[in-house]
Amino acid sequence: MAFATPATPAKNINSLTAIPQFPDNPKTLILQQCKTVRDLNQIHAHLVKTRLLFNPSIAENLLESAALIVPDAMEYAASIFNEIDRPDTSAYNVMIRGFTLNQSPLESVLLYQEMLEHSVPPDEFTFPCILKACSRLGAVDEGAQIHAQVLKMGIRLNGFVGNTLIHMYANCGKIKIARKVFDGLTERNIMAWNSMFAGYSKGGHWEQIVKLFMRMRESGVGFDEVTLISVLTACGRLADLELGKWIADYVEVNGMQDNGTLITCLVDMYAKCGRLDVARRLFDQMGPKDVVAWSAMISGYTQARECKEALDLFHEMQAANVEPNEITLVSVLSSCAVLGALETGKWVHFFIKKRGLKLTVSLGTALVDFYAKCGSIVSAIDVFMKMPVKNVYSWTVLIQGLASNGQGKRALEFFNMMQDKNVPPNDVTFIAVLSACSHVGLVDEARCLFASMSRDFDIEPRMEHYGCMVDILGRAGLIEEAYQLIQNMPINPNAVIWRTMLASCRVHKNVELGEESLKHLVKLEPMHSGDYILLSNLYASVGRLEDAMTVRSQMKKRGIRKTPGCSLIEVDGVIHEFLSEDDVHAHSKEIYRATEDMLGEIKYAGYVPNTTEARFDAEEEDKEVSVSHHSEKLAIAFALIRTPPGMAIRVTKNLRVCLDCHNATKMISKVFNREIIVRDRNRFHHFRDGQCSCNDYW
């Protein structure tokens, strides 16, 4: 839309201005007290009857009341405006402002165009309102034309016009032009600074916010709560705890603790900077908390992987009768996904349906991820198919979910479907689809996909993609090819690459390359216990027990302790945690009795304990006791005595499931007629009727 340049007007000939004015007429006071359209209608009729409507100040007051004061009266205001023979600048300003305030920015822009066509000159009060309208429409070209008109008319950019110009450009993504306008101001008030901060915030330019704030402090300009909220948000994103603490001290010294929004931002900042203890203390000290405050603290726990605490706080929020918003629900679903808390997550899904909440991309993707990570892949697909809008992350989450649940071929089908829908994959999508190939042994397909990344999609493989390929080749027994791939990598392999290689050597008993892998791992992450245990078990598997003992001795000398196995299970909405050979659970005696009974039942059905991964320096009887008390066995035994017969059992474990637990769980699923879903560090295992979804390919 091109705006005409206003011609120099003749002497104002607005028909209303020719009528004698009565500025002290009491009707103006009555108009200001109008509350409804009916009030307006009655007064309007009276003004027509008494001919007071021809008084310009009263007519303008009537227009202003309809456009700016009385709710839902813009249509009435437009009818009054249309009755004016020759509306002047002030009348146009009222209408443009009214349309902008009433979420009709397009009407504002069209009216501004009409204003110029009728040679009515805009003034310094016109431009802030019309620039706000352009900002809301994202109409940067029209905004730039108005900017040119402002300069041509010689209007100074200091004050409201300059502030709204900065806001318009920043909101439309033209942050460099916004900064140029800002730097060109001879005087900058607090609103100009805050407009610039808001623009940087919208674009995620967090470092620029901090730099600008430093300049603001150096220039001696005072700042307010709006400034501090923008800067605190940047501190959280950048983990700039030092500046965040400075602001916290400023807030305390200046008595600003009563500002709930500001304290909520402090909570969010501390949480994102890893200081959950300080964040929680501030949160607990707050008076009545709104949904934003609750969401900030829950989100902080979720992002720090303190998911049990996140769900506990969510239950407190429910008890406080604070209704969650979308941000809360996404955080809660993320925590449920990590913990495998199916029942709590299903309650969230029910809440979304009951409240009729829109299934946005963020909320829908979080639901897909939650169901997939809880092993309910059918529900994940159902939610995905019902999402009205999907982006690349939605597709990627589903593909990764299918991969983790052992449905590699179906993951590839969705990958192809994604391209048919003209959604280009990103680098994370390729990690997901390569993982799908890994879990089901699709070696040739993986090679083709890996080659297509740079050839067809201009995506250079990252460390994670090479890691997937090493894993795929290693699982398939192509150890030498995997090693050559590592040797030919254009980037230096990290610890994950070598650890993946070592794990493959352990499975396929390749001692030489296993030893080579550990040499690199010791240099990269010398204190990682799992690496030593893998090589130790590799030695033990080929009968080199003395070498295995030597590796364990090296661990002791270096003070390296094995990460304890930990399994989580949800029963009646409560998360229970189990550690291997642990007795801290409130019902540990009952659980151990149930475990012995469970193992006795499956032994009777043919189960024989596999102690190859137990401590080989122990007696055989102690080895059997050790593997029988692995955390997932304790969790499954607890579920058997606390859940109804036939109910599915879901376990989440922090480490890889060992061979004995894998075999035992297959037998438990058959003997006790239970579906058991175990999510370990690498993948899902769906056990049913003595079989596992991985077909022992793991």
Side-chain angles (χ1 to χ4, degrees), residues 375 406 506-507 533 536-537 540-541 543 545 548 562 564-569 571 576-585 587-680 683-698:
R506 157 73 181 86
V507 172
I533 292 166
S536 174
N537 290 341
S541 69
L545 297 181
K562 180 182 177 182
C566 174
S567 292
L568 303 173
I569 191 167
V571 176
H576 296 266
E577 186 177 53
F578 299 88
L579 297 173
S580 295
E581 301 186 74
D582 189 18
D583 60 357
V584 297
H585 195 281
H587 304 284
S588 59
K589 289 184 179 179
E590 181 185 6
I591 292 165
Y592 276 98
R593 280 197 303 270
T595 303
E596 296 306 318
D597 293 342
M598 176 184 75
L599 293 174
E601 291 273 356
I602 63 174
K603 281 179 182 177
Y604 184 76
Y607 161 71
V608 177
N610 185 324
T611 60
T612 56
E613 294 188 33
R615 298 190 333 265
F616 39 79
D617 56 334
E619 296 296 328
E620 192 61 36
E621 185 177 344
D622 293 333
K623 288 182 181 181
E624 186 174 330
V625 170
S626 176
V627 297
S628 70
H629 294 161
H630 280 186
S631 63
E632 55 265 60
K633 290 192 180 79
L634 299 177
I636 292 170
F638 179 72
L640 287 174
I641 60 174
R642 290 303 174 94
T643 60
M647 183 177 179
I649 297 171
R650 288 175 167 80
V651 179
T652 301
K653 187 176 181 183
N654 64 330
L655 303 175
R656 178 183 61 85
V657 172
C658 75
L659 182 60
D660 178 68
C661 286
H662 188 268
N663 292 337
T665 307
K666 284 200 295 185
M667 193 67 75
I668 294 166
S669 71
K670 183 176 183 179
V671 170
F672 291 90
N673 193 27
R674 293 284 192 114
E675 179 187 6
I676 303 174
I677 301 104
V678 179
R679 188 180 89 206
D680 69 8
R683 64 174 300 153
F684 275 91
H685 302 270
H686 290 251
F687 300 93
R688 190 196 297 270
D689 196 28
Q691 300 297 320
C692 180
S693 59
C694 69
N695 295 318
D696 299 336
Y697 186 84
W698 59 296

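If you read the sequence from its start, that first residue is 1, and numbering goes on from there. All values below come from the heavy atoms of this structure, side chains included, with hydrogens, waters and symmetry mates left out.
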Enquirer: Fit a plane to each ring of H685 and F687, take the angle between them on a 0 to 90° scale, and name the class: parallel (under 30°), tilted (30 to 60°) or perpendicular (over 60°).
Expert: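 Because their plane-to-plane angle is under 30°, the rings of H685 and F687 count as parallel.
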Enquirer: Apply side chain to side chain contact (heavy atoms under 4.5 Å, CB included) to residues R674 and T643 and explain how you reach the verdict.
Expert: CA-CA 11 Å; R674 293 284 192 114; T643 60; 2.9 Å; yes
Enquirer: Give the C-alpha distance, both sets of side-chain angles, the deciding distance and a yes or no for side chain to side chain contact (heavy atoms under 4.5 Å, CB included) between I636 and F578.
Expert: CA-CA 10 Å; I636 292 170; F578 299 88; over 6 Å; no
Enquirer: Ignoring hydrogens, what is the shortest heavy-atom contact between I569 and R650? Give both atom names and the distance.
Expert: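 That closest heavy-atom pairing would be CG1-O, 3.3 Å.
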Enquirer: Show the nearest heavy-atom pair for residues P609 and K603, with the distance to one decimal.
Expert: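 Shortest heavy-atom separation between P609 and K603 comes out as CG-CE, 3.9 Å.
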Enquirer: When you look at CG of N654, are more than 12 heavy atoms from neighbouring residues, nucleotides or ligands closer to it than 6.0 Å?
Expert: yes
Enquirer: Got a sec, which residues hit side chain to side chain contact (heavy atoms under 4.5 Å, CB included) with S567, two or more places apart in sequence or on another chain?
Expert: S631, E632, A635, V651, K653
Enquirer: Starting at NE2 of H686, measure out to CD of Q691 and round the result to the nearest 0.5 Å.
Expert: 14.5 Å
Enquirer: Anything under 30° is parallel, anything over 60° is perpendicular, the rest tilted; go ahead and classify F638 against H576.
Expert: tilted
Enquirer: Do you know the tightest heavy-atom contact between L634 and L579?
Expert: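 Shortest heavy-atom separation between L634 and L579 comes out as CD1-O, 3.5 Å.
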Enquirer: Please report the interatomic distance CG(D680) to SG(C661), rounded to the nearest 0.5 Å.
Expert: 10.5 Å
Enquirer: Work out which heavy atom in A637 is nearest to a heavy atom in I591; give both atom names and the distance.
Expert: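 Nearest heavy atoms, A637 then I591: CB-O, 4.3 Å.
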Enquirer: Got a sec: does the CZ of R688 have more than 12 other heavy atoms crowding it under 6.0 Å?
Expert: no
Enquirer: Please report the C-alpha distance between K633 and I668 in whole Å, then the side-chain angles of each, then the deciding distance to 0.1 Å, and finally whether the side chain to side chain contact (heavy atoms under 4.5 Å, CB included) criterion is met.
Expert: CA-CA 10 Å; K633 290 192 180 79; I668 294 166; 5.6 Å; no
Enquirer: Main chain of G690, side chain of S669: is a donor-acceptor contact present, judged purely on distance under 3.5 Å?
Expert: yes
Enquirer: Considering non-hydrogen atoms only, spot the tightest contact between C692 and H662 and give its length.
Expert: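 Closest approach of C692 to H662, heavy atoms only: SG-NE2, 3.5 Å.
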Enquirer: Of the non-hydrogen atoms in A648 and I677, which two are nearest, and what is the gap between them?
Expert: CB-CD1, 4.4 Å
Enquirer: To the nearest 0.5 Å, what is the distance between CE (M598) and CD1 (I641)?
Expert: 10.5 Å
Enquirer: With rounding to the nearest 0.5 angstrom, report the CG to NE2 distance, L599 to H629.
Expert: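 So the gap between those two atoms works out to 7.5 Å.
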Enquirer: Salt bridge (charged side-chain N to carboxylate O under 4.0 Å, His left out) with E577: which residues, sequence neighbours excluded?
Expert: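 Residues passing salt bridge (charged side-chain N to carboxylate O under 4.0 Å, His left out) with E577: none at all.
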Enquirer: Working to the nearest 0.5 Å, report the span between CD1 of I602 and CG of N663.
Expert: 9.5 Å
